[in-house]
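Chain identifiers are assigned alphabetically (A, B, ...) following the order of the sequence lines, protein sequences preceding nucleic acid strands; residue numbering begins at 1 within each chain.
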Amino acid sequence: MVVTESQQPSPEPATEHERADWVSRLADEVIVEAERRGTRPVAASGISPSGPIHLGNFREVMSPHLVADELRRRGIDAEHLISWDDYDRFRKVPAGIDGVDESWAQHIGKPLTSVPAPPGSTEDSWAAHFRAQAEASFAQAGVRYRGISQTEQYAAGAYTEQILHAMRHRREIDAILEQYRTLPAAKDEDEALQAALASGSGAANEDDGSAGGEYYPYKPYCTACGTDLTTIEAFDDDSTEMTYACRCGHRETVLLREFRSGKLVWKVDWPMRWAYERVVFEPSGVDHQSPGSSFQVGLELAPVFGWERPLGPMYAFVGFGGVAKMSSSRGGAPVPADALAVMEAPVLRWLYARRRMNQSFDVAFGSDLQRTYDEWDALLRKAAAGTAQPAELAALERATATADGRLPETPRRVAYRTLASVVDITFGDEVQILRILRGLDEADPIVDLEPLRPRLDRVEAWVATHMPTDEHTIVRDVPDREALDALTEVEREALVLLLDGGQGLPPIEDDWTLDGLTHQTYGVAKVQRGLEPDAIVKGDKALSAAQRAFFALLYRLLVGRETGPRIPTLLLAIGSERVRALLTP
RNA sequence: GCACCUCUAGCUCAAUUGGCAGAGCAGUUGACUCUUAAUCAAUCGGUUCCCGGUUCGAGUCCGGGGGGGUGUACCA
């Protein structure tokens with residue numbers, strides 16, 4: 001609404017790499033478009049809080065966010081607004097929401113803000129519940145925006161002029177929509193089309209209750225029962241007197257210019273809002289690319305309200321891999337909060353920033369998350385070394401900071417997979433984690449876990465909730481008696497040597513460190529073959545085979561598998577007492 | 001049916017407006033005294049789906065064909 005003075009890009013607006021990626025190119029287009037329309041660059045997202053706002057919906061937020069943020073980095077007064085479509089009707093009861101059962105079906109047809117929140121929520125409506133949940137994540141991800149509740153707007157009468165305008169132009173709107181209702185009937189006798197036409201001729205008229213009636217782009221919410229199972233029976237352009245009837249039996253005549261219970265139908269509502277908020281940029285999902293979709297129809301409807309359809313690149317869907325059953329039982333698709341629990345905010349931002357909008361991508365929750373982190377760390381190293389590509393640097397910059405400042409970072413980056421392995425075998429015992437990590441880098445030992453956060457916290461959450469079962473290392477509770485009794489003489493001797501020493505080896509407790517355990521475990525096979533424990537041996541195939549066999553034996557006895565984390569690390573984590581319990585023949 | 005996206009190394013993907021086709025992982029080889037699910041290096045690997053066109057030059061642009069994917073049919 002505010003027409004700002006011309007916003008000129010600052011002279012030294014962006015570094016080279018910030019101009020290199022898709023976000024920057026889109027920002028350029030938005031600037032040109034805003035100037036052409038003589039308005040401020042406004043980017044918009046529209047979200048319907050009809051259920052959990054999942055990672056797919058999150059692209060609806062991140063895409064305009066990134067573009068608006070780029071504009072702000074250039075010193076331009078851009079705005080990102082999020083329209084909460086909380087005045088939309090409650091369409092169906094989503095599956096998998098804790099405490100929500102079929103009894104919620106009684107609310108179908110009411111605005112989302114009139115439906116009670118799921119049990120246990122601190123919010124006072126369905127819409128408020130899911131909005132609050134999402135907004136907490138948006139904030140954590142560094143997304144700054146102006147939120148607009150459609151319920152509040154409609155209730156305040158903000159759109160009354162637009163509603164009356166639409167009603168007066170209902171025939172024009174109807175004609176536009178009409179073009180898409182029945183597909184332009186090709187002249188051929190395609191049978192699918194025939195079938196569609198045949199089934200559409202009779203049944204539909206009864207269903208929407210508008211048989212023979214006039215088209216109205218407005219739908220009242222019944223003032224008696226609260227639902228939109230209503231039909232407008234009459235409307236007078238001059239007086240704005242409207243009569244509607246509801247399926248509940250209620251019928252009344254009201255003055256539409258004063259009436260506050262109802263909204264424009266969706267396909268008209270959206271273009272109206274483009275005009276009202278002077279939106280220049282609003283991406284939409286690929287489901288809008290079909291002819292007749294609200295975005296396509298909006299091209300013709302926006303001018304009815306004196307505006308043009310905004311630039312609206314379409315984004316491809318976001319997938320997700322490796323979601324553990326426990327979290328997916330909670331309603332299907334994971335939400336940003338699920339992702340932020342196992343990865344840092346910059347990493348999540350990076351996933352959305354590095355892919356062009358028309359590319360689909362997966363947010364990895366399984367083992368692929370470790371790969372995601374490997375790539376992330378590699379990018380940070382390349383950036384530090386100055387070998388990263390411009391577009392990569394741009395994505396990195398957008399991930400780690402916004403125009404408002406930097407996001408929390410982990411000072412000391414230890415590989416996610418390493419941390420996962422250590423956290424797993426120590427059961428998250430941080431004293432042990434530190435003890436193991438201390439030996440990781442001798443030149444620069446880790447003496448404190450704090451610099452490893454917040455990444456370490458995410459790893460701990462991941463190991464607890466998403467690490468695949470078959471990747472967990474599960475240390476046996478009790479000795480494998482059967483296997484211990486079936487040991488060969490050589491194996492038995494090896495275990496005794498490992499635990500109690502002999503032939504030059506000390507008892508295992510004597511040097512209970514990563515280094516000491518390394519020497520001990522590798523030494524066993526050597527002394528068994530008559531070598532010194534610290535002999536340097538190269539290329540002895542038989543020795544290598546014996547060592548490998550010994551390791552396999554230890555894995556079987558300790559974790560019941562053929563392989564596992566490095567033995568010294570594993571022993572350290574298990575602790576000497578338990579090691580003795582499990583390995584004593 | 002219509003619309004949109006996509007096809008590049010074994011896999012996942014890069015390649016700024018047309019300008020020498022590149023990474024990661026996997027593989028192979030080697031180093032780290034030790035063939036382990038934490039390290040490092042080197043190396044192998046391509047008819048960019050096919051046919052045609054524009055161009056000095058095409059993964060990129062245009063036309064056609066093929067494969068894969070997504071959306072969608074009077075509602076909100």
Side-chain angles (χ1 to χ4, degrees), chain A residues 16-17 19-22 24-25 28 48 50 85 88-91 109 174 177-184 186 188 190-193 196-197 199-201 204-205 207-208 210 215 219 228 263-270 285-294 296 314-317 354-355 357-362 368 371 374-375 378-379 382 387 389-392 394 414-415 417-422 424 436-437 439-441 471 473 518-519 521-523 525-526 534-541 543-545 547-548 550-552 554-555 561-570:
Chain A
E16 191 61 31
H17 69 260
R19 290 200 177 282
D21 66 342
W22 64 270
S24 194
R25 291 196 291 279
D28 290 342
S48 181
S50 56
D85 294 323
D88 284 7
R89 76 193 301 257
F90 185 59
R91 235 171 298 170
D174 189 30
L177 293 175
E178 179 59 27
Q179 301 169 63
Y180 300 96
R181 284 190 182 126
T182 304
L183 289 171
D188 59 336
D190 178 73
E191 56 181 293
L193 196 57
L197 289 172
S199 70
S201 57
N205 286 349
D207 266 312
D208 65 9
S210 63
Y215 170 81
K219 194 81 163 174
D228 69 344
K263 69 187 288 288
L264 291 171
V265 300
W266 170 245
K267 281 183 181 174
V268 181
D269 188 51
W270 198 16
V286 287
D287 52 325
H288 285 289
Q289 65 202 0
S290 294
S293 76
S294 39
Q296 302 301 341
M314 289 175 187
Y315 53 83
F317 289 145
R354 72 173 174 155
R355 295 259 181 261
M357 257 193 281
N358 62 5
Q359 290 181 290
S360 58
F361 67 90
D362 277 5
D368 282 350
R371 208 183 99 97
D374 282 344
E375 289 181 27
L379 173 59
K382 276 197 282 185
T387 56
Q389 299 296 309
E392 291 179 312
V414 177
R417 65 175 70 250
T418 303
L419 292 176
S421 177
V422 173
D424 182 38
I436 293 171
L437 292 179
L440 198 61
D441 182 355
E471 287 179 27
T473 296
T518 303
H519 279 99
T521 50
Y522 281 109
K526 290 179 193 166
D534 51 358
I536 294 172
V537 183
K538 294 193 104 170
D540 185 337
K541 293 272 195 268
L543 175 62
S544 293
Q547 280 170 338
R548 189 169 40 174
F550 181 50
F551 289 138
L554 294 178
Y555 286 126
R561 305 169 51 146
E562 290 297 311
T563 179
R566 284 178 165 257
I567 292 284
T569 315
L570 183 61

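- The side chain of T418(A) lies closest to A38(B) when the candidates are A38(B), C75(B), U33(B).
- Nucleic acid contact class of R355(A) (heavy atoms, under 4.0 Å, all strands): sugar-phosphate only.
- Classification of D228(A) and R89(A) as a salt-bridged pair holds, one side-chain N sitting under 4.0 Å from a carboxylate O.
- Judged by atom type and distance alone, K526(A) reaches the base of C34(B) through a side-chain donor-acceptor pair under 3.5 Å.
- The base of U36(B) lies close enough to the side chain of Y555(A) for a donor and an acceptor atom to sit less than 3.5 Å apart.
- If you measure from atom CD of E375(A) to atom C1' of C13(B), you get 8 Å, rounded to the nearest angstrom.
- No donor-acceptor contact under 3.5 Å links the side chain of H288(A) to the base of U72(B).
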Dot-bracket line, read 5' to 3' along RNA chain B, where crossing pairs take [ ] and | marks a partner on another strand, Watson-Crick or G-U under 3.5 Å
(((((((..((((.....[..)))).(((((.......))))).....(((((..]....))))))))))))....
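- Across all strands shown, R89(A) has heavy atoms under 4.0 Å from sugar-phosphate atoms exclusively, and none from any base.
- Taking only side-chain atoms of T473(A), from C-beta outward, the nucleotide of C75(B), A37(B), U33(B) with the closest atom is A37(B).
- Checked against A76(B), C34(B), U17(B), the side chain of R91(A) finds its nearest nucleotide in A76(B).
- Per the geometry, CZ belonging to R417(A) stands 13 Å off P belonging to A37(B), to the nearest Å.
- Looking at K219(A), its side chain never comes within 3.5 Å of a backbone N or O of W266(A) through a donor-acceptor pair.
- The side chain of P568(A) approaches U36(B) more closely than any other nucleotide in the set A76(B), U16(B), U36(B).
- Straight-line distance from the CZ atom of F550(A) to the P atom of C34(B): 18 Å, rounded to whole Å.
- When distances are taken from the side chain of R25(A) to each of C75(B), U17(B), U33(B), the shortest belongs to U17(B).
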